[in-house]
Amino acid sequence: MTHEIVHRPTFARINLDDLAFNFKSVKDFVGQNIEYMAVVKADGYGHGSIECAKKLENAGVDWFGVALPEEGLELREAGITKPILCLGSFWQGQEKLLLQNGLTPVIFQIEKAHSYNLAAFKLNQKADVHIKIDTGMGRIGVRFEEVKVFVEELKKFTNLNIEGIMTHFAVADDLSENDFTQSQIKRFNEAVSLFEQNGFNPKYIDLANSPGAIVQPDSLGNMVRLGGILYGLGEDVLPKEVEKPVLKPILSLHTKIAYLKKVPANETFGYGRTFKTRRESLIATIPIGYQDGFHRRLSNCGQVIINDTFAPIVGRISMDWTILDVTDVPNVKVDDEVILIGRQNDKKISAADIAEKLDTISYEITCGISRRVPRKYVGSE
Ligand SMILES: *Cc1c(COP(=O)(O)O)cnc(C)c1O
């Protein structure tokens with residue numbers, strides 16, 4: 001039984017209408033004649049994979065991509081019917097889970113092809129798989145020089161259908177590395193030819209992630225695999241200098257002022273006493289901390305928006321609380337709305353703004369918003 005409980009006022013708002021908007025915007029920009037895989041791994045980059053997948057399924061997405069078979073199972077249990085590709089392959093013992101739930105694995109090791117073929121044989125199935133080629137990412141995939149041998153060996157697995165061949169870009173977001181991306185495309189095309197010469201006829205040929213799809217028109221194949229830009233995270237994962245589709249960040253992070261006090265000059269605040277007031281000040285405390293994914297490294301350098309005004313984070317961020325200097329915020333009072341990510345009229349803080357301070361990318365910011373922060377959805381079907 002579930003009970004509606006009252007939460008502290010800290011939550012992330014996810015606008016699913018903007019998610020559908022981003023998908024349409026990207027599709028209009030990239031092209032109508034290819035298929036679109038929405039990558040919803042890691043709980044949809046922190047936005048909620050089930051809610052996002054339901055919205056995107058209705059919006060016409062062709063495939064979903066997850067990292068793990070168990071993430072695919074969650075989508076199936078929530079009623080998602082479109083094909084699901086498990087980008088991170090599978091682990092020994094998960095073969096049946098895939099086959100019985102219509103999940104398609106990426107494969108790049110002969111042992112996995114062997115065990116999957118055997119499991120498919122036992123269930124009397126012809127099982128679709130996608131083969132990943134490592135053309136320069138160096139992470140997972142059949143190394144491009146070893147494709148020839150791999151293809152030969154694949155022929156003996158008669159219960160497998162090679163439905164797709166894919167690769168993944170290492171630097172598609174960096175135009176100064178265009179030569180490397182071009183060499184990845186070339187290596188990939190050679191690998192695809194080897195499959196074709198050996199009698200395989202894969203339906204899907206896919207290379208591009210978000211930056212690839214926007215920047216490299218010759219990398220579209222017949223499907224693109226998009227994560228970041230669907231969530232509106234284009235700001236720091238697409239090159240600055242290129243034309244791009246209109247994207248709306250779909251997540252905003254909110255809380256309220258829990259406690260407010262007037263304090264004299266020369267008082268210190270928080271663990272380690274790292275902040276000292278220089279003047280009589282108004283100090284606010286908000287109920288969010290590093291356990292929520294509000295990084296401790298934003299201590300004394302991050303900011304929030306209250307009443308259309310930026311207010312600095314002062315002192316150390318602790319596990320559950322953050323302290324703000326709100327002396328310069330007009331009419332500030334307890335329960336005022338605080339925006340940690342998002343916009344209020346002309347003021348804006350994006351996940352990319354925070355990422356820049358932390359020397360990371362926006363994906364890590366949204367992925368890092370912990371489960372303690374409830375997601376509130378706008379535009380659920
Ligand atoms: C995560 C992932 C993507 C999506 O990348 P974005 O930059 O978020 O578009 C595409 N393909 C693979 C193999 C991935 O692991």
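Read the numbers this way: they start at 1 and go in the same order the structure lists the ligands and their atoms. Below, each value reflects all heavy atoms present in this structure, side chains not excepted, and no hydrogens, waters or symmetry copies.
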Pair [X] + [Y], salt bridge at N-O below 4.0 Å:
X: D325; Y: R278; answer: no
X: D320; Y: R372; answer: yes
X: E51; Y: K55; answer: no

Write out the residue and atom name of the closest protein heavy atom to [atom], then the distance separating them to 0.1 Å.
atom: atom 9 (O) of ligand 1; result: S210 OG, 2.5 Å
atom: atom 11 (N) of ligand 1; result: R225 NE, 2.9 Å
atom: atom 12 (C) of ligand 1; result: H168 CE1, 3.4 Å
atom: atom 1 (C) of ligand 1; result: K41 NZ, 1.4 Å
atom: atom 7 (O) of ligand 1; result: Y363 OH, 2.9 Å
atom: atom 4 (C) of ligand 1; result: Y45 OH, 3.4 Å

In ligand 1, which numbered atoms sit nearer than 4.0 Å to a non-hydrogen atom of [X]?
X: G227; value: 4 (C), 6 (P), 8 (O), 9 (O)
X: K132; value: 13 (C)
X: G228; value: 6 (P), 8 (O), 9 (O)

Problem - Cation-pi geometry met for K248 and F21 (6.0 Å, 45°) - result: yes
Exercise for the section: For the pair H130 and Y204, name the ring-plane relationship: parallel under 30°, tilted 30 to 60°, perpendicular over 60°. Expected result: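 It falls in the parallel class, under 30°.
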Practice task
Check whether any heavy atom of M37 sits under 4.0 Å from an atom of ligand 1.
Solution key: no
Completion exercise
Those residues at least two apart in sequence (or on a different chain) that pass side chain to side chain contact (heavy atoms under 4.5 Å, CB included) with E364 are T360
Handout entry: Members sharing F275's hydrophobic cluster (side chains within less than 4.5 Å)
Key =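 Traced through the cluster, F275 reaches V263, F269, I283, V314, I323.
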